[in-house]
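All values below were derived from every heavy atom in this structure, side-chain atoms included, with hydrogens, water molecules and symmetry-related copies excluded.
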Amino acid sequence: MTSQLQGSKVAFIGGGNMAAAIIGGLLAKDMSEEKIYVSEPWEVNRDKMKKLGVHTTASNVEAAQEADIVILAVKPQVAKDVCRELGGAWTAQRTSPPPLVISIAAGITLDSLQQWLKLGDGHTPHTVRVMPNTPALVGEGASGLFASRDVTDSEKDLTTALLGSVSKAVEWVDKEELLDVVTGLSGSGPAYFFALVEHLITSATGLGLSTEQATRLAKQTCFGAGKMLVESSEEPAQLRKNVTSPNGTTDAALKSFDASGFADIVDKAVKAATSRGEEMGRTLGASS
């Protein structure tokens, strides 16, 4: 973690699971609890945050006051109201430049964010969009990022350090629309693996294994395969070939996948999630 990030005041607007994951990652990297503020309307979530030792409040404006970095960790449906509230407060109260804003609100475009955050003098905060995923909750996340043109290299480094506390892969894209592809790949991707494991368990149980046995074997198989993917220098295609003996059991299974149009099924799924991300951006950002 950079010394600049350690010395920054970081405000989280929203105290849900992803905010908790990032805060946990920052604390694990020795960031001071005194530098972290969280606004959260629900008392239950505030209480969870208090147990981490960070500052908590029900007021977005209070949490973000004099912050160096503000992380929008709210539902996309409330992003507009929250951004307008913050923009109005910064217009009225701040004498220094507004903070770097990092949004993890799915689907909300930079154009919408900056329009809603616009200050009274017409300026907008430097803004970064991030698409994280739920494995961040166990420190194994993957995040895609895109920055507004005014974001500096130093601010990008801060964002990389912040997301790197919970993400093993932090990838900057050079076109905003590619964040929708990141959503279809890694943002929604964990659910694809969960669904596969779910169906593996059901199939094995139907063939005679107990649910408990099938669950343990399927979970460990998924974990082990994932670890091999991460730690091996070989490409996924080669790892697949290494497991596949001609006319063997794996070969029979993969041929069954091919006969069922497996590649097409995956392609359609990623495209469907990508398209839905694009649609959410248009719908939620339609009104300024």
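- Taken together through direct or relayed side-chain contacts under 4.5 Å among Ile, Leu, Val, Met, Phe, Trp and Tyr, Met131 and Val270 form parts of separate hydrophobic clusters.
- Ile265 is not listed as a side-chain neighbour of Phe257, based on a closest heavy-atom distance of 4.5 Å or more.
- Atom CE of Met31 is separated from atom OG of Ser8 by 6.0 Å, given to the nearest 0.5 angstrom.
- A donor-acceptor pair under 3.5 Å is absent between the side-chain atoms of Glu33 and the main chain of Gly53, judged by distance alone.
- Not a single donor-acceptor pair under 3.5 Å links the side chain of Ser275 to the backbone N or O of Ala272.
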Step by step, would you call Leu254 with Arg240 a side-chain contact (heavy atoms from CB on, under 4.5 Å)? CA-CA 10 Å; Leu254 293 176; Arg240 171 181 54 77; 4.0 Å; yes

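- Thr183 places a side-chain N or O within donor-acceptor distance of the main-chain N or O of Leu179, the cut-off being under 3.5 Å.
- Across every non-hydrogen atom of Ala204 and Ala214, the tightest pair is CB-CB, 4.0 Å.
- Taken together through direct or relayed side-chain contacts under 4.5 Å among Ile, Leu, Val, Met, Phe, Trp and Tyr, Leu137 and Ile22 form parts of separate hydrophobic clusters.
- Distance alone, capped at 3.5 Å, is enough to place a donor-acceptor pair between the Gln114 side chain and the Pro125 backbone.
- Side-chain contact between Leu229 and Pro236 is present, with at least one heavy-atom pair separated by less than 4.5 Å.
- At a threshold of 4.5 Å between side-chain heavy atoms, the hydrophobic network of Ile, Leu, Val, Met, Phe, Trp and Tyr places Val38 and Leu52 in one connected group.
- With sequence neighbours excluded, no residue forms a side-chain contact (heavy atoms from CB on, under 4.5 Å) with Thr249.
- No more than 12 heavy atoms of other residues, nucleotides or ligands shown are found within 6.0 angstrom of CD on Glu235.
- Taken to the nearest 0.5 Å, the CG atom of Asn242 stands 5.0 Å off from the CD atom of Glu234.
- Taking CG from Leu209 and OG from Ser203, the interatomic distance works out to 9.5 Å, rounded to the nearest 0.5 Å.
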Hey, mind stepping through Leu86 and Ile13 against side-chain contact (heavy atoms from CB on, under 4.5 Å) and telling me if it holds?
CA-CA 10 Å; Leu86 293 175; Ile13 310 302; 4.2 Å; yes

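- Contact annotation: the side chain of Thr56 never approaches that of Glu40 to less than 4.5 Å [non-hydrogen atoms, C-beta and beyond].
- Side-chain N or O atoms of Thr202 include one that pairs as donor or acceptor with a backbone N or O of Glu198 at under 3.5 Å.
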Steps toward side-chain contact (heavy atoms from CB on, under 4.5 Å) verdict (Leu5, Leu26)
CA-CA 10 Å; Leu5 179 55; Leu26 292 174; 4.2 Å; yes

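- Atom NE2 of His123 has 12 or fewer heavy atoms from other residues, nucleotides or ligands within 6.0 Å.
- Between Val10 and the options Leu158, Asp68, Ile69, Ile23, a side-chain contact (heavy atoms from CB on, under 4.5 Å) holds for only Ile69.
- Counting heavy-atom neighbours within 6.0 Å of Trp42 CH2, excluding the residue itself, gives a total of 12 or less.
- Closest heavy-atom contact between Tyr192 and Gly184: OH-O, 2.6 Å.
- The shortest heavy-atom contact between Ser103 and Leu113 is CB-CD1, 3.6 Å.
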- Determine, stepwise, if the pair Arg282 / Glu279 fulfils salt bridge (Lys or Arg N to Asp or Glu O under 4.0 Å). CA-CA 5 Å; Arg282 289 194 304 269; Glu279 182 184 16; 5.6 Å; no

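- Placement of Phe12 and Tyr37 in two distinct hydrophobic clusters is found when ILVMFWY residues are connected by side-chain heavy-atom separations under 4.5 Å, directly or transitively.
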Q.
Quick one, Thr159 with Val151, criterion side-chain contact (heavy atoms from CB on, under 4.5 Å). Give me CA distance, side-chain angles, the key distance, then yes/no.
A. CA-CA 10 Å; Thr159 307; Val151 171; 5.8 Å; no

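- Under the ring-ring contact (aromatic ring centres under 6.0 Å, His included) criterion, Phe193 pairs with no residue, sequence neighbours left out.
- With Arg46 contributing its side chain and Thr57 its backbone, the two residues share no donor-acceptor pair below 3.5 Å.
- In the hydrophobic clustering of this structure, Ile102 groups with Val54; members are Ile, Leu, Val, Met, Phe, Trp, Tyr whose side-chain heavy atoms approach within less than 4.5 Å, directly or through other members.
- Inspection of the His55 and Glu34 side chains reveals an N or O donor paired with an N or O acceptor under 3.5 Å.
- When each of Pro190, Ser167, Ser186 is paired with Pro135, the side-chain contact (heavy atoms from CB on, under 4.5 Å) condition holds for Pro190 and for no other.
- Between Ala64 and Val70, the shortest heavy-atom contact is CB-CG2, 4.0 Å.
- Looking only at distances, a side-chain donor or acceptor of His126 sits under 3.5 Å from a matching main-chain atom of Asp150.
- Within the 4.5 Å cutoff, side-chain heavy atoms of Val130 are placed close to those of Ile104.
- In this structure, Lys48 places its NZ atom where only 12 or fewer heavy-atom neighbours from other residues, nucleotides or ligands lie under 6.0 Å away.
- A donor-acceptor contact shorter than 3.5 Å is absent between the side chain of Ser143 and the backbone of Val170.
- The structure places CD of Glu278 at 12.0 Å from OG1 of Thr109, a figure rounded to the nearest 0.5 Å.
- More than 12 non-hydrogen atoms from other residues, nucleotides or ligands lie less than 6.0 angstrom from CG of Asp258.
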Between Thr160 and Trp172, is a side chain to side chain donor-acceptor pair (under 3.5 Å) present by the stated rule, with each step listed? CA-CA 9 Å; Thr160 298; Trp172 289 90; 2.9 Å; yes

- Residues Lys255, Asp251; criterion salt bridge (Lys or Arg N to Asp or Glu O under 4.0 Å); working and verdict: CA-CA 6 Å; Lys255 285 177 178 176; Asp251 188 48; 3.1 Å; yes

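- Taken to the nearest 0.5 Å, the CG atom of Leu119 stands 4.5 Å off from the OG1 atom of Thr91.
- Here the shortest heavy-atom pairing between Lys35 and Gly7 reads NZ-O, 3.5 Å.
- A distance-only check finds no donor-acceptor pair linking the side chain of Thr127 to the backbone of Leu110 [under 3.5 Å].
- Of all non-hydrogen atoms in Gly25 and Val166, the two that sit nearest each other are CA-CG1, 3.8 Å.
- Put simply, CE on Met49 and OG on Ser39 are 10.0 Å apart, with the number rounded to the nearest 0.5 Å.
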